[in-house]
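To find a chain, count down the sequence lines: A is the first, B the second, and so on, and within it residues start at 1. Source: prediction; values computed, not measured.
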There are 2 protein chains.
Amino acid sequence: MNIGEVSKNTGLPAKTIRYYEDIGFVTPARGDNGYRSFSEKDQHKLVFLGRARGLGFSIEDCRTLMALYEDQGRASADVKRVAQKNLTEIDRKIADLQAMRGTLSHLVAHCAGDGRPDCPILEDLGRV
Amino acid sequence: MNIGEVSKNTGLPAKTIRYYEDIGFVTPARGDNGYRSFSEKDQHKLVFLGRARGLGFSIEDCRTLMALYEDQGRASADVKRVAQKNLTEIDRKIADLQAMRGTLSHLVAHCAGDGRPDCPILEDLGRV
DNA sequence: ATAAAGGTTCCAGTCACGGGAGGGTCAAGC
DNA sequence: GCTTGACCCTCCCGTGACTGGAACCTTTAT
């Protein structure tokens with residue numbers, strides 16, 4: 001398969017697929033014309049990668065997960081640890097964003113939003 | 001004030017303050033020795049900037065907010081619009097993360113996390 | 001006199017790609 | 001055979017908001 005078809009099948013942009021090759025995630029064969037020639041297995045790895053990225057795993061985590069995926073003798077505890085770490089990280093991000101959201105929505109709610117210059121948002125940002 | 005003191009007062013790393021000068025956010029005076037010499041006003045701007053960044057505003061939004069802050073004839077509606085846009089963006093990020101969190105926590109909960117290789121997390125990532 | 005602490009500039013790296021230039025290849029229609 | 005357009009290639013730069021480090025200068029304390 002050429003990169004265009006793989007892109008359509010996986011939902012990953014061709015640019016991204018080339019990038020994943022750059023960083024050693026897949027190593028598709030090459031035709032005589034220099035075109036990448038993807039096997040089913042290559043495509044499957046890209047699907048795996050796309051899903052893992054969609055769940056917020058970093059590229060490095062994906063490398064670990066892929067190695068575990070291909071290791072028939074893995075311990076599920078190793079996978080769970082990586083996933084748990086990611087989950088903790090996601091929770092931290094959510095908490096950060098919710099703290100921001102709390103302050104900001106409070107300020108927005110108290111701003112008249114009319115033609116007058118008085119604004120609690122700016123007052124808060126500029127308080128000494 | 002030298003950069004070190006401003007850094008201590010504002011909580012911003014000196015590196016960050018230099019960066020903010022680079023992008024034209026503050027333009028501290030310079031002493032004969034080439035050292036930056038910050039005024040109270042410079043420091044106040046940096047505090048403002050630090051707070052706005054802490055609320056998730058982008059640098060470009062901060063530029064807008066700062067201009068409004070210094071414009072005595074502003075309309076609070078202009079400020080509110082920027083804040084509202086940021087709030088919407090924050091909500092979107094929270095929703096994205098929560099969607100990730102939902103799927104991932106479900107998978108983590110169903111993974112034995114022991115020495116056996118069977119793992120619903122990998123199964124899900126690799127499903128055809 | 002010397003050493004530590006603080007300041008300076010400049011360059012490179014981060015993360016995970018995306019945009020675009022400049023060019024080669026392939027299949028179809030005339 | 002020729003052109004057109006879709007596809008593919010590599011290479012390099014840009015993103016946002018910094019952070020790290022090298023190489024060097026100035027101030028302060030001992």
[X] has an atom [atom1]; how far is it from atom [atom2] of [N], in whole Å?
X: D22(A); N: dT10(D); atom1: CG; atom2: P; answer: 9 Å
X: D61(A); N: dA16(C); atom1: CG; atom2: C1'; answer: 14 Å
X: I59(B); N: dG16(D); atom1: CD1; atom2: P; answer: 10 Å
X: N2(B); N: dT28(D); atom1: CG; atom2: C1'; answer: 12 Å
X: R18(A); N: dC13(D); atom1: CZ; atom2: C1'; answer: 17 Å
X: R30(A); N: dG24(C); atom1: CZ; atom2: C1'; answer: 14 Å
X: I23(B); N: dC18(D); atom1: CD1; atom2: C1'; answer: 9 Å
X: K15(A); N: dC15(C); atom1: NZ; atom2: P; answer: 20 Å

Scan R53(A), M66(A), E70(A), Q43(A) and name whichever one has a side chain to side chain contact (heavy atoms under 4.5 Å, CB included) with F48(A).
M66(A)
Exactly one of T10(A), D22(A), L49(A) should register a side chain to side chain contact (heavy atoms under 4.5 Å, CB included) with I17(A). Which one does?
T10(A)
Position toward the 5' end of DNA chain C (nearest nucleotide), P13(A) or D32(A)
P13(A)
Candidate nucleotides [options], ranked by approach to the side chain of [X] - the nearest:
X: S58(A); options: dA17(D), dA16(C), dT10(D); value: dA16(C)
X: N33(A); options: dC18(D), dC26(C), dA16(C); value: dC26(C)
X: Y35(B); options: dT9(C), dA17(D), dG7(C); value: dG7(C)
X: T16(A); options: dT25(C), dC17(C), dA17(D); value: dC17(C)

When you measure from the side chain of R18(A) to the backbone of I3(A), do you find a donor-acceptor pair of N or O atoms at a distance under 3.5 Å?
no
Do K85(A) and E60(A) meet the salt-bridge criterion of a basic N to acidic O distance under 4.0 Å?
no
So does D78(B) pair up with R81(B), basic N to acidic O under 4.0 Å?
yes
Using a cut-off of 4.0 Å on non-hydrogen atoms, how would the nucleic acid contact of Y20(A) be classed: base, sugar-phosphate, or nothing?
sugar-phosphate
Should R36(B) be listed as having a side-chain N or O under 4.0 Å from OP1 or OP2 of dT26(D)?
no
Of Y19(B) and G4(A), the one whose nearest nucleotide on DNA chain D sits closer to the 5' end is G4(A)
